[in-house]
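In listed order, ligands and their atoms are each counted from 1.
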Amino acid sequence: MASTNNENAAFEYMSTLPGDDVRQIMWRYADRYDFQMAVQSARALARGLVARLVADGMRNTHEWNDRKAELLTAFDESGLTTIFMDPEEGGFIAGPKNLALALVAFELSWVDGGAATCSLASNLALSPIHEKGTPEQKQDYMSRCVPPQPGEEREVWRGAFALTEPLPYVGVDTGVVSGKVRIVEWKEGEEPVLQVDKRGRFITNMDFANFVTAAVDSDDERIKGSCMVILDENDPGLFDRGAPTLKMVHQLSSTRDPILSLKVPASRIIGGYTIRDGVIIPNFNHGEVIEAVFRRTRVPVGLMSSAKLLSAVEPIIRYQRTRFRGGAANAPGSPRYDLGLQQKEDSLQRLVDVWATGEAGTALGFAAARLLDNFDPTERRKEDILAEQGVTGARAQMKLFKGMEKDALEYLELAAAAKGEKSARLVELEENTLVQFLVQESLANVLCPACKLWNTGYGATIMREAVSLMGGYGITEDCPGFLFQKWTDQQLEATYEGPEAVQRRQLSITLTSGLFLAQFRLWINELEKIAVENPDVGAGTLAAAMELWVWTLGYLQAAKDAEGKALYHSNRHGVVFPFADALCWLLASRYQILDVLELQAKGPENPVLAEGLAGFVNFFSDLSHTQAGRAAGEVSRICADLVHGFLAHKGAGDPGLNGFYELRRKTEEALRGSRLAKDRAATALSQVVIPEALDYPL
Ligand SMILES: Cc1cc2nc3c(=O)[nH]c(=O)nc-3n(C[C@H](O)[C@H](O)[C@H](O)COP(=O)(O)OP(=O)(O)OC[C@H]3O[C@@H](n4cnc5c(N)ncnc54)[C@H](O)[C@@H]3O)c2cc1C
């Protein structure tokens, strides 16, 4: 561990803002040169063209225009368009790309969320094809979306993803699809021709999309259920891009309400279909496709929000320091000249909150992206295995997995207990794809909605704090770092791809999974051990709050309210939603702690970092300790509210709650030191050297 506050004289503060050397270690891409190149490309574009577009007032109109369209060419020229593709499709990154895409979204959103959305939207349109499409669909559409190589004469295709429909149809509730598909022609021995009618609302990329992946429901007894279909602009019929959305956020992306009424061959059903007794049965219904897509695409959105918080730090420090410079009574060297608003404790401590929240959200988001990078190949191998075993249909799969759950639990226990050489059984379970699938899926089902929910929702609340630290400047168009736009943009990030209610609904179900909870319990043990070796990162604080949360879950699942109604019930949002929120605080804090430990462990291997490493480790430890304290407080409040709030107003004390009181006491005691950590982090922010000027135009 770097020097601690117990050795005051030797305590080392962070001297500069963390650069790529630090971030590559914390976010685990120090050994991925291809990812580093992608980050550099995205950064150059963000701080160049994107920042110029914002500075030139391009956000003052929701209409798409030629200036905004420069973004598309720039994405193509800088290689960002092809990051989504595999090398055989024309891309340059082999293997899973969740982390790479998340890093790009993070960089673009550092300057402007709309530009980030614009870059991600074509991938969103391709995702249904990428996740569930037939090999032909994948080959066809992925290669069309690759920019032409030198000497090639063709237009690069871009897509739009159309799920949301005009009121009163699809929004949060994706089950009420009004878009329709029916058979208009089916000649003997030939492919059926479908008529697709879909109206969209708020569809990104619609100004220039060449194809749309659309969710539709059957309007024909010869088609079973729902599906997603690919619609091309050249298909016969109506491809009306519709009215532009009068949005007040993300103006560097295009959004319209399209009206599509087109004839397409049945081969455009995403994932293909089978014919049984004269009925077309899509291989995947629209819900299955969407689930596979959103599980992945929601993570970069969460990271976009966290990038904004971290991007706010430097402009705020600069504003605070220079606030009083230039006045007659302020000579250089005086505290008022040098520190400005940073003489005030509150200014610094609120800035610590902004950074700590951004840091925790980023840690959670990148952890989710890395998990998905591991999960992608596991999921594909799982699908091959099930096909080989002839396990088809959701029910058969569920039955198989139910039987394997105990193997997965055994794997977790053996892996946690393993020291030195692995037992034969552990190796066997480690190599069992289905076991690994179950473990990873249980985690992905929690981490992905958690990062979308917490990073965007709570992130937006804290972004308001960032805006307020700039005073009146914060709510002007020319606020350095575009903080006001970032704040409002975050509200869209909390809304699109499923608003917070959708994420809470999913979490309230997935957090009760036995496999997830087994991992959660192992994390508590792990954090308790970390707390002994590294008392300064807040691991003990977090472990106590996690124990309280688990106890409360057991209580809520078993208890009834004063009127005899079950407490933990999926429709009882007043219970399950805040409880899901509480989990997000814990997860974000855990991954933040793990990032600090990674920096501490791997930092010394980087000779460039050796010099200032102790300062960075100290600072990030203080931030994570601060955040763990904040998380523990929030979790205590939520748990107490839920445990006590549904009891009758008058009644005797319940001895069954003694365990709860004890855990609350432990959690509160475990807050020791977290405010001292915040004080130190604040001091670091008053001393850290920042560049003379922001590296993008105002
Ligand atoms: C700029 C922009 C770009 C977009 N891009 C796309 C795109 O490219 N493709 C696409 O398909 N869509 C897109 N959307 C649509 C976006 O995904 C939806 O707006 C979003 O999913 C919410 O749907 P809704 O607006 O109909 O909200 P509603 O369904 O009306 O929900 C409103 C609120 O009601 C509450 N609520 C609703 N249902 C429930 C429930 N079951 N339980 C608890 N609370 C509930 C929640 O608080 C929710 O936030 C975009 C939207 C915008 C603004």
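Ligand-side atoms of ligand 1 in range of Arg201: 24 (P), 25 (O), 26 (O), range being under 4.0 angstrom from any heavy atom. Interface atoms of ligand 1 facing Gly171, defined by a heavy-atom separation under 4.0 Å, are 23 (O), 24 (P), 26 (O), 29 (O). Every atom of ligand 1 is numbered from 1 in the order shown, and the set under 4.0 Å from a heavy atom of Leu492 is 1 (C), 2 (C), 52 (C), 53 (C). Remark: ligand 1 atoms within the under-4.0 Å shell around heavy atoms of Ile203 are 7 (C), 8 (O), 9 (N), 10 (C), 11 (O). Close approach to Glu497 involves these atoms of ligand 1, each under 4.0 Å from a residue heavy atom: 17 (O). The distance from ligand 1 to the heavy atoms of Thr495 drops below 4.0 Å at these ligand atoms: 20 (C), 21 (O).
Nearest protein neighbour of atom 41 (N) of ligand 1, counting heavy atoms only, is Arg505 NH1, 3.1 Å. The nearest protein atom to atom 47 (O) of ligand 1, hydrogens excluded, is given as Ala501 CB, 4.5 Å; this is a heavy-atom distance. Scanning all protein heavy atoms for the shortest distance to atom 36 (N) of ligand 1 gives Val172 CG2, 4.3 Å. Nearest to atom 18 (C) of ligand 1 among the protein's heavy atoms is Thr164 OG1, 4.0 Å. Ranking the protein heavy atoms by distance from atom 42 (N) of ligand 1 puts His573 CE1, 3.6 Å first. Of all protein heavy atoms, the one closest to atom 13 (C) of ligand 1 is Phe202 O, 2.9 Å.
Qualifying ring pair (Phe, Tyr, Trp, His ring centres under 6.0 Å) partners for Trp110, counting only residues two or more places apart in sequence or in other chains: Phe106. Listed by chain and number, the residues in a ring pair (Phe, Tyr, Trp, His ring centres under 6.0 Å) with Trp487 are Phe484 (sequence neighbours excluded).
The closest non-hydrogen atom to atom 8 (O) of ligand 1, taken over Val170, Asn205, Leu120, Thr204, comes from Thr204.
Residue Ile475 qualifies as open at atom CD1: its count of foreign heavy atoms under 6.0 Å is 12 or below.
A distance-only check finds no donor-acceptor pair linking the side chain of Asp232 to the backbone of Asp235 [under 3.5 Å].
Within the 4.5 Å cutoff, the side chain of Leu194 has no heavy atoms near those of the Val184 side chain.
Screening Phe202, Phe211, Phe294 for a ring-ring contact (aromatic ring centres under 6.0 Å, His included) with Phe161, the sole residue that qualifies is Phe294.
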